[in-house]
Peer 1: 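I have a structure I would like to understand better, so I am pasting it below and will then ask my questions one at a time.
Throughout, a chain's letter reflects where its sequence line sits, starting with A, and its residues are numbered from 1.
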Amino acid sequence: MKYWLMKSEPDVFSLDQLKKDKTTWWTGVRNYQARNFMMKDMQVGDEVLFYHSNATPPGVAGIARISKVAEPDKEQFDKKSEYFDPKATKEKPIWFCVQVEYVAHFKNYISLPELRDNAKLADMLVLQKGSRLSIQPVEKKHFDILTKLGGA
DNA sequence: GCCAACGTTGGC
DNA sequence: GCCAACGTTGGC
């Protein structure tokens with residue numbers, strides 16, 4: 001069992017929306033490091049901190065879970081999609097996405113300033129300067145602290 | 001809207 | 001393989 005943090009802009013796709021939809025395919029990731037985490041490391045049942053980026057304030061909104069392992073991201077083949085990739089073919093897809101299911105909202109939204117204030121979380125990737133990676137591994141000890149703080 | 005940090009592209 | 005130019009992310 002692994003733990004992850006996945007970023008989403010709430011204006012584009014929020015945890016509320018995931019609650020409504022129950023599950024979603026995490027399409028549109030166009031970064032190789034993030035893709036490789038989805039393709040190689042994520043397993044069904046892995047738990048995910050759902051992080052709202054570009055929010056006011058940014059922070060962790062709650063928990064989701066991996067519900068299907070990675071498959072080719074269909075948007076790479078769709079000329080009308082903003083995620084279309086002309087180099088990708090059905091035989092040789094470039095981009096993959098996992099399916100994520102809703103688990104819970106935190107009772108207490110954990111804002112980025114609160115994360116920064118907690119010394120025990122200081123080495124979380126998301127808190128490192130210039131950390132733009134949209135999918136990040138999270139250590140169990142950090143995940144446990146977050147769920148306690150959030151009151152999940 | 002600004003801009004620092006980072007990833008990708010492409011010329012050489 | 002280097003690296004400048006460019007595009008994107010994401011906090012503020």
Peer 1: On DNA chain B, does the nearest nucleotide to A:K129 precede the nearest nucleotide to A:R30 from the 5' side, or the other way round? Give the residue.
Peer 2: A:K129
Peer 1: Could you say whether A:K87 or A:G130 is positioned toward the 5' end of DNA chain B, judged by the nucleotide with the nearest heavy atom to each?
Peer 2: A:G130
Peer 1: A:K120: which residues meet the side-chain contact (heavy atoms from CB on, under 4.5 Å) condition with it, sequence neighbours left out?
Peer 2: A:N118, A:I145
Peer 1: Could you tell me whether the side chains of A:S67 and A:Q99 share a donor-acceptor contact shorter than 3.5 Å?
Peer 2: yes
Peer 1: Output yes when A:R30 and A:D73 qualify as a salt bridge under the 4.0 Å nitrogen-oxygen rule, no when they do not.
Peer 2: yes
Peer 1: In B/S/- notation, 5' to 3', how is nucleotides 4-12 of chain C contacted by protein heavy atoms closer than 4.0 Å?
Peer 2: ---BBBBBS
Peer 1: Any carboxylate oxygen within less than 4.0 angstrom of a Lys/Arg side-chain nitrogen, looking at A:K148 and A:D144?
Peer 2: no
Peer 1: Assigning hydrophobic clusters by single linkage (Ile, Leu, Val, Met, Phe, Trp, Tyr; side-chain heavy-atom cutoff under 4.5 Å), is A:F50 placed with A:V29?
Peer 2: yes
